[in-house]
Visitor: 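Below are the structure tokens for one structure; questions will follow.
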Amino acid sequence: EERYRTALQALGGIAAPAAPASLKSSLKSQTVTLATAQSRVRFTIVPPAGLPKDVVSEKIVTTPTGVFSKATHAWRVGSPALTFTYRRAGGNTFVLLADRYDPQDGLPPKYMFEALDPAPDGRPVLVKHEHFAWRNGSQVMSVNAGEGLSAAEIGSIRLAMHGVALLRRELHAPSSGTSGKLYRLNP
């Protein structure tokens, strides 16, 4: 994990210190209905709209977040977020993440990095994806392009949801937030 963290920072990414194993193991996910999800989160859910026509299934999952405080340099378990996982007819999948909007989180990044299995020589392999985020009232929705979804399709979803696009932080720009979050996307 430390080698990937170092590689991410070399590419201009920003990473909080590794979360303790005890915190990671406490982030238990639950598949839920939209009504149950609304009773578990601290924001008004605006469900995804304008999805590609070839979406064939959906799964909604609630998972507590891990929150890193830059002031105390400590991790804690935060309130739950939602993931909407969709499967497309061709077998591709994509995940939309919904969480409570908190200005203390700072600007979302313009890019996210996906860690793949190491190269044969042991070097970390990171893939850069463009990251999009928008607000609907107290909800912030985010998604990465290239995860079974193009940037144009993401734009269509945001417009159909009447979401307000958030400014994004460029690579090498320091995070303006006072905290960072850890999300479990693949329960």
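Positions are given from 1, in the same order as the sequence printed here.
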Visitor: Residues in side chain to side chain contact (heavy atoms under 4.5 Å, CB included) with Thr62, at least two apart?
Guide: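 Partners of Thr62 under the side chain to side chain contact (heavy atoms under 4.5 Å, CB included) test: Gln30, Val32, Ala37, Arg40, Leu82.
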
Visitor: Which heavy atom of Pro64 sits nearest to which heavy atom of Leu27, and what is that distance?
Guide: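 Scanning both residues completely, I find the closest heavy atoms to be O-CD2, 3.4 Å.
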
Visitor: Once you round to the nearest 0.5 Å, how far does OG1 of Thr93 lie from CG of Leu149?
Guide: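 Nearest 0.5 Å value for the OG1-CG distance: 10.5 Å.
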
Visitor: Could you report the tightest heavy-atom contact between Pro48 and Met141, atom names first, then the distance?
Guide: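 Heavy atoms only, the tightest pair is CG-CE, 4.1 Å.
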
Visitor: Quick one: pull up NZ in Lys110 and NZ in Lys128 and give me the separation to the nearest 0.5 Å.
Guide: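 The NZ atom of Lys128 is 9.0 Å from NZ of Lys110, to the nearest 0.5 Å.
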
Visitor: Assess the residue pair Tyr86 and Asp54 against the criterion (side chain to side chain contact (heavy atoms under 4.5 Å, CB included)); give the C-alpha distance rounded to whole Å, side-chain angles, the decisive distance to 0.1 Å, and a yes or no.
Guide: CA-CA 10 Å; Tyr86 297 96; Asp54 66 341; over 6 Å; no

Visitor: When clusters are formed from ILVMFWY side-chain contacts under 4.5 Å, directly or step by step, what else is grouped with Leu166?
Guide: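 Cluster partners of Leu166: Tyr101, Val140.
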
Visitor: So Phe94 and Val55, side chain to side chain contact (heavy atoms under 4.5 Å, CB included) or not? Walk me through it.
Guide: CA-CA 10 Å; Phe94 63 93; Val55 166; 4.0 Å; yes

Visitor: Can you pull out every salt bridge (charged side-chain N to carboxylate O under 4.0 Å, His left out) where at least one residue sits in residues 130-143? Sequence neighbours excluded, please.
Guide: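 Salt bridge (charged side-chain N to carboxylate O under 4.0 Å, His left out) check on residues 130-143 returns Glu130-Arg168.
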
Visitor: With a cutoff of under 4.5 Å between side-chain heavy atoms, which Ile, Leu, Val, Met, Phe, Trp and Tyr residues group with Val67?
Guide: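 Val67 shares its hydrophobic cluster with no other residue.
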
Visitor: Of all heavy-atom pairs between Ser138 and Thr44, which one has the smallest distance, and what is that distance?
Guide: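 That closest heavy-atom pairing would be OG-N, 3.1 Å.
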
Visitor: Would you name the heavy atoms of Ser26 and Val77 that are closest together and state the gap between them?
Guide: OG-CG2, 3.4 Å

Visitor: Over all heavy atoms of both residues, which pair between Val61 and Ser29 is shortest? Give the atoms and the distance, please.
Guide: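 Taking every non-hydrogen atom into account, CG1-CB, 3.5 Å.
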
Visitor: Closer than 3.5 angstrom, by distance alone: can the side chain of Gln38 be matched with the main-chain N or O of Ile45 as a donor-acceptor pair?
Guide: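 At least one qualifying donor-acceptor pair exists.
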
Visitor: Please answer: with hydrophobic residues joined when any side-chain heavy atoms are less than 4.5 Å apart, are Phe132 and Met112 in the same cluster?
Guide: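 Per the 4.5 Å side-chain linkage, Phe132 and Met112 are not co-clustered.
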
Visitor: Say whether, by atom type as modelled, one donor and one acceptor occur between the side chain of Glu58 and the main chain of Arg87 under 3.5 angstrom.
Guide: no

Visitor: Quick one: pull up NE2 in His131 and CG in Leu97 and give me the separation to the nearest 0.5 Å.
Guide: 8.0 Å

Visitor: Could you list the residues that satisfy side chain to side chain contact (heavy atoms under 4.5 Å, CB included) with Thr33, not counting sequence neighbours?
Guide: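 Residues passing side chain to side chain contact (heavy atoms under 4.5 Å, CB included) with Thr33: Ala35, Thr36.
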
Visitor: With sequence neighbours left out, write down each residue that passes side chain to side chain contact (heavy atoms under 4.5 Å, CB included) with Leu159, or none if nothing qualifies.
Guide: none

Visitor: Tell me which pairs pass salt bridge (charged side-chain N to carboxylate O under 4.0 Å, His left out) where either residue lies in residues 153-162, with sequence neighbours left out.
Guide: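 Every salt bridge (charged side-chain N to carboxylate O under 4.0 Å, His left out) pair that includes a residue of residues 153-162, provided the two are not neighbours, is Arg88-Glu153.
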
Visitor: Flag the pair Ile60 / Phe84 as yes when at least one side-chain heavy-atom distance between them is below 4.5 Å, and no otherwise.
Guide: yes

Visitor: Taking side chain to side chain contact (heavy atoms under 4.5 Å, CB included) as the test, write out the residues that go with Thr72, two or more places apart.
Guide: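 Side chain to side chain contact (heavy atoms under 4.5 Å, CB included) list for Thr72, sorted by chain: Ser69, Ala74.
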
Visitor: Could you walk me through whether Phe68 and Leu23 pass the side chain to side chain contact (heavy atoms under 4.5 Å, CB included) test, one step at a time?
Guide: CA-CA 11 Å; Phe68 178 76; Leu23 179 115; over 6 Å; no

Visitor: If hydrophobic clusters are built by linking Ile, Leu, Val, Met, Phe, Trp and Tyr wherever their side-chain heavy atoms come under 4.5 Å apart, do Leu34 and Leu96 end up in the same one?
Guide: yes

Visitor: Determine, step by step, whether Val125 and Asp117 satisfy the side chain to side chain contact (heavy atoms under 4.5 Å, CB included) criterion, reporting the C-alpha distance in whole Å, the side-chain angles of both residues, the deciding distance to 0.1 Å, and the verdict.
Guide: CA-CA 7 Å; Val125 177; Asp117 289 334; over 6 Å; no

Visitor: Can you see which heavy atom on Pro20 is nearest to which on Trp75, and at what distance?
Guide: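 Heavy-atom minimum between the residues: CD-CD1, 3.6 Å.
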
